[in-house]
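Shown next, in structure tokens, is the structure this report addresses.
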Amino acid sequence: MLFFLGCSTHDKNAPDDQFLMGGTPLGVQTIATDLDVPWQLVWGPDNHIWFTEQGGAVSRLNPETGKITCLLNLEGVLRDRTSGLLGMAVHPDLSNQPYVFLNYSGERADKSRFSRVVRYTYQADTLVDSLVILEYPGWNGHFGARVIIAPDGKLMVATGDGAQFENAQSVISLNGKVLRYNIDGSIPDDNPFPGSAVWAWGLRNPQGLVYVDGKLYNSDHGDAVEDEVNLIHKGGNYGWPHVAGFVNTEMEEQFVHDSAVVSPLRSWTPTIAPAGLTYYSSDKLPELKGKLLLTTLKGNSIHALELNASGDSIIKDVNYFQQVFGRLRSICVSPDGDVYVATSNRDWNPNGFADEKDDRILRIYALDRKYVDKQAKNAVVKRAVGDVVSRGEELYVNYCASCHKTNGRGVAGTFPALNRSPLVSGNPDSLIRLILSGKNEMPQFSFIGDRDLAVILTYIRKRFGPQSSPVTIAAIQAQRTEL
């Protein structure tokens, strides 16, 4: 568990906040503020943090001084909900291969949308000489958009399915894939399919890429269930949309009877909205050593995922900083073992965490003992995870709050408010049918058991539709039968 301790020092090395991770005191500093939704953090070979902002800016941050240098304001970026300037990769041999790869979304004159991967050359604190590596169709979401340089020097690109279900299983489509290119944009001869950039397929909305000892790991958004972390294999099929998470339904078993599908290393239901992914190998924070670090948006936390010795299994999942900083989009680690994370509290789907200085880049580091408040040992400590007061609230937070928000106000124009909604306070059968069937942006939740569904809907009706009657298990069973 993590505990808030407090701080009484003010020099430049002092933390803004103190925490305790196991036996290791942590400091947290804010090193950049007032950012426009930072989407990708990369620890560059120049020992600066390179980062993108969704509106189109690419910058370098000196973590020692806090100085930010803007390298590019990219024109033609479409900023709409989850679209914009997203992923970035900086070549690790920047002095000899001065390349920076950007993944962004745009719109043509005919209003059709696209995602584009472009290579720029870094020169005198600016990015010049753009070369289009890849362009693939874009819709209203599921862009994927992470890029990374592989140990063999190839460019790896994670693309989303665009919420078009047929894309992920079609090896002709570039959507819903991990793609592999030479850094000049040509296709390597040893890819699985001759003349094709497809390296792996069957992904929904991949949001993280990291190499560990030559192995490529990926985080992928599920639908209403089964967010995933995967070990990406050459030519591997990860099953979407026919398989979500592990094979555990009759329809999934029918699909894998004829199609080999790679199972995830870890899956989550309720979903956590996995985002950035990195690996921690330093001795500075022993509780994190040997673990994948996964930031989450819906989960508002960092998951530390311990790998087994061979790297093909996750044997432990510990959740840190839950509900402390809000939505966490991206993460990187310095050679000194400091962890840097970017908040995403002012994006299209705010959740009430936004600080006046958001969005921010935070440094999490091993704290020198001289800064630890010795009085805290005798003080009442505050848990970094908020208390859940009822089963109904717990289920609501897990399944509903990321869209409809903890206060029930939703997001105007996208996710309807629940407060005093006629659907919430009216005949419960209509609400039950909507939950079981889904509609528009809302997925179907028929996988939730009758008892838990009754608890959630009763909680919603009591909290957001005062004087509304409870929802019974019998009513839910009746609607399942009718549907």
Side-chain angles (χ1 to χ4, degrees), residues 34-42 44 49-61 68-91 98-149 155-164 167 173-177 179 181-186 197 205-207 209 275-276 329-330 342 344 346-349 359 413-414:
D34 303 299
L35 301 178
D36 181 21
V37 188
W39 208 91
Q40 178 79 64
L41 300 184
V42 175
I49 296 172
W50 298 58
F51 67 95
T52 62
E53 294 174 88
Q54 201 172 352
V58 182
S59 303
R60 290 168 66 242
L61 166 65
I68 294 176
T69 302
C70 184
L71 308 177
L72 177 70
N73 279 304
L74 187 60
E75 297 182 357
V77 172
L78 174 66
R79 178 77 173 273
D80 179 23
R81 291 179 52 173
T82 59
S83 67
L85 173 56
L86 306 177
M88 174 178 60
V90 180
H91 200 286
Y99 300 131
V100 176
F101 299 84
L102 303 178
N103 192 329
Y104 71 94
S105 49
E107 187 174 71
R108 301 181 182 86
D110 63 1
K111 301 302 181 181
S112 64
R113 297 184 175 187
F114 61 86
S115 287
R116 182 178 289 162
V117 177
V118 181
R119 190 189 80 183
Y120 284 85
T121 299
Y122 175 61
Q123 178 180 300
D125 280 343
T126 188
L127 298 180
V128 297
D129 299 334
S130 63
L131 171 68
V132 176
I133 300 291
L134 160 69
E135 188 169 290
Y136 57 97
W139 286 270
N140 294 322
H142 297 201
F143 295 98
R146 295 287 183 185
V147 288
I148 192 172
I149 305 296
L155 175 69
M156 311 301 290
V157 182
T159 68
D161 70 354
Q164 313 297 308
N167 283 339
S173 169
L174 296 180
N175 291 83
K177 309 294 190 298
L179 307 174
Y181 291 87
N182 296 314
I183 60 172
D184 63 1
S186 61
N205 190 16
Q207 289 287 290
L209 287 176
R329 173 73 65 178
S330 191
S344 191
R346 295 195 183 279
D347 62 17
W348 74 283
N349 191 11
D359 275 318
T414 305

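Note that the numbering runs from 1 along the sequence shown for the chain.
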Close side-chain approach of [X] to [Y], heavy-atom, < 4.5 Å:
X	Y	value
Ile149	Phe101	yes
Trp50	Tyr122	yes
Leu179	Leu174	yes
Val37	Trp348	no
Arg146	Pro206	no
Val132	Val118	yes
Leu155	Tyr99	no
Leu102	Leu72	yes

Main-chain N/O of [Y] paired to [X] side chain as donor or acceptor, under 3.5 Å:
X	Y	answer
Ser330	Ala342	no
Asp129	Tyr120	no
Gln164	Gly162	yes
Asn182	Asp184	no
Thr52	Leu86	yes

Minimum heavy-atom distance between [X] and [Y], given as atom pair plus value:
X	Y	answer
Phe51	Met88	N-CE, 3.5 Å
Val77	Leu85	CG1-N, 3.4 Å
Ile68	Leu61	CG1-CD1, 3.6 Å
Ser112	Asp110	OG-OD1, 2.6 Å
Ser105	Ser83	OG-CB, 3.0 Å
Tyr136	Ala158	OH-O, 4.4 Å

How long is the span from the [atom1] atom in [X] to the [atom2] atom in [Y], to the nearest 0.5 Å?
X	Y	atom1	atom2	value
Asp347	Arg79	CG	CZ	8.5 Å
Gln54	Arg346	CD	CZ	14.0 Å
Asn167	Thr159	CG	OG1	8.5 Å
Glu107	Phe114	CD	CZ	9.0 Å
Gln207	His142	CD	NE2	9.5 Å
Asn103	Arg116	CG	CZ	11.0 Å

Donor-acceptor pair between Arg113 and Asn140 side chains, under 3.5 angstrom: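 Yes, side-chain donor-acceptor contact under 3.5 Å.
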
Asp359 vs Arg329, salt bridge (Lys or Arg N to Asp or Glu O under 4.0 Å): CA-CA, chis, key distance, verdict: CA-CA 10 Å; Asp359 275 318; Arg329 173 73 65 178; over 6 Å; no

Ring centroid separation Trp39 to Phe143 under 6.0 Å: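 Centroid distance Trp39-Phe143: not below 6.0 Å, so no.
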
Intermediate values then yes/no, side chain to side chain contact (heavy atoms under 4.5 Å, CB included), Asp125 and Arg60: CA-CA 9 Å; Asp125 280 343; Arg60 290 168 66 242; 3.2 Å; yes

